[in-house]
Amino acid sequence: MFDPVAILHDHNLMRTNCREGILSVIMKAGEPLSEQQIRERLEGNYDRTTFYRSFKVLQERRIIHKIVIDNQFVKYALDNSVTHKSNHAHFYCEKCDSVKCLDNTAVNTPELPDGFVAGSTEMIIRGFCNTCKTR
């Protein structure tokens, strides 16, 4: 298990209760969460500004990353730079909206034309999770 205080220290960030809380919520969940799910599970009473500033800093420093399902649906998880996982695919259940990291499904950057530089490569596999496919 990762330690939120150590992660903040390793990324040269000051420890705040809100940052530490956001990381704790994500780590305890064991699965990617939406921003709303993180806010609901976050202990402490943080105003919107404090929450969003903390959230933004954690994204900018690549401590957490976005998993974009579509324009309206985004989940967050610890970044690969923290977990030391390789770039991997994600599975999205179209029935229950759960997202699962597929750590054993590597995502490779395709060959690009000369002069092009990739910023990131993402793969979302859509379907039904084990629970929903039997319902």
Enquirer: Parallel, tilted or perpendicular: which fits the ring planes of His90 and His65, with parallel below 30° and perpendicular above 60°?
Expert: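 Ring orientation, 0 to 90° scale: tilted.
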Enquirer: State whether the number of non-hydrogen atoms from other residues, nucleotides or ligands found under 6.0 Å of Arg39 atom CZ is greater than 12.
Expert: yes
Enquirer: Which heavy-atom pair separates Glu20 from Pro4 by the least distance, and what is that distance?
Expert: CG-CB, 3.7 Å
Enquirer: Answer whether the closest heavy-atom distance between the side chains of Phe51 and Ile38 falls below 4.5 Å.
Expert: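 Touching, per the 4.5 Å side-chain cut-off.
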Enquirer: Any side-chain heavy atom of Thr105 within less than 4.5 Å of one from Phe91?
Expert: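 Thr105 does not reach Phe91 side chain to side chain.
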Enquirer: Tell me, yes or no, whether the heavy-atom count around Glu43 atom CD, taken from other residues, nucleotides or ligands under 6.0 Å, exceeds 12.
Expert: no
Enquirer: Closer than 3.5 angstrom, by distance alone: can the side chain of Arg126 be matched with the main-chain N or O of Glu94 as a donor-acceptor pair?
Expert: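 Side chain of Arg126 to backbone of Glu94: no pair is present.
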Enquirer: Just by modelled atom types, is the Asp97 backbone N or O under 3.5 Å from a matching donor or acceptor in the Lys75 side chain?
Expert: yes
Enquirer: Would you find a donor on one side and an acceptor on the other, under 3.5 Å apart, between the side chain of Ser54 and the backbone of Cys18?
Expert: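 No: the side chain of Ser54 does not pair with the backbone of Cys18.
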Enquirer: Of all the heavy-atom pairs spanning Ile69 and Ile124, show the shortest one and how long it is.
Expert: CD1-CD1, 4.0 Å
Enquirer: Could you check Leu33, Leu23, Asp79 and say which one makes a side chain to side chain contact (heavy atoms under 4.5 Å, CB included) with Ile64?
Expert: Leu23
Enquirer: How about CZ on Arg62, more than 12 heavy atoms from neighbouring residues, nucleotides or ligands closer than 6.0 Å, or not?
Expert: no
Enquirer: If you count the non-hydrogen atoms of other residues, nucleotides and ligands that lie under 6.0 Å from CG in Asn104, is the total more than 12?
Expert: no
Enquirer: Run the numbers on Leu78 and Met27 for side chain to side chain contact (heavy atoms under 4.5 Å, CB included), then give the verdict.
Expert: CA-CA 8 Å; Leu78 287 179; Met27 288 185 276; 3.6 Å; yes
Enquirer: Is it true that a side-chain atom of Asn87 and a backbone atom of Thr121 form a donor plus acceptor pair closer than 3.5 Å?
Expert: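 At least one qualifying donor-acceptor pair exists.
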Enquirer: Is Glu60 atom CD crowded by more than 12 heavy atoms from other residues, nucleotides or ligands, each under 6.0 Å away?
Expert: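 Yes, because the 6.0 Å sphere around CD of Glu60 holds more than 12 heavy atoms from other groups.
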Enquirer: May I have the step-by-step check of side-chain hydrogen bond (donor to acceptor under 3.5 Å, both in side chains) for Asn17 and Arg19, ending in yes or no?
Expert: CA-CA 6 Å; Asn17 288 336; Arg19 290 174 185 169; over 6 Å; no
Enquirer: Grab the two heavy atoms, one from Ile22 and one from Leu42, that are nearest each other, plus how far apart they are.
Expert: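 Nearest pair, atom of Ile22 first, then Leu42: N-CD1, 3.5 Å.
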Enquirer: Between His11 (side chain) and Ile7 (backbone), is there a donor-acceptor pair under 3.5 Å?
Expert: yes
Enquirer: Is the shortest heavy-atom distance from the side chain of Gln59 to the side chain of Phe55 under 4.5 Å?
Expert: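 Yes; the side chains approach each other to less than 4.5 Å.
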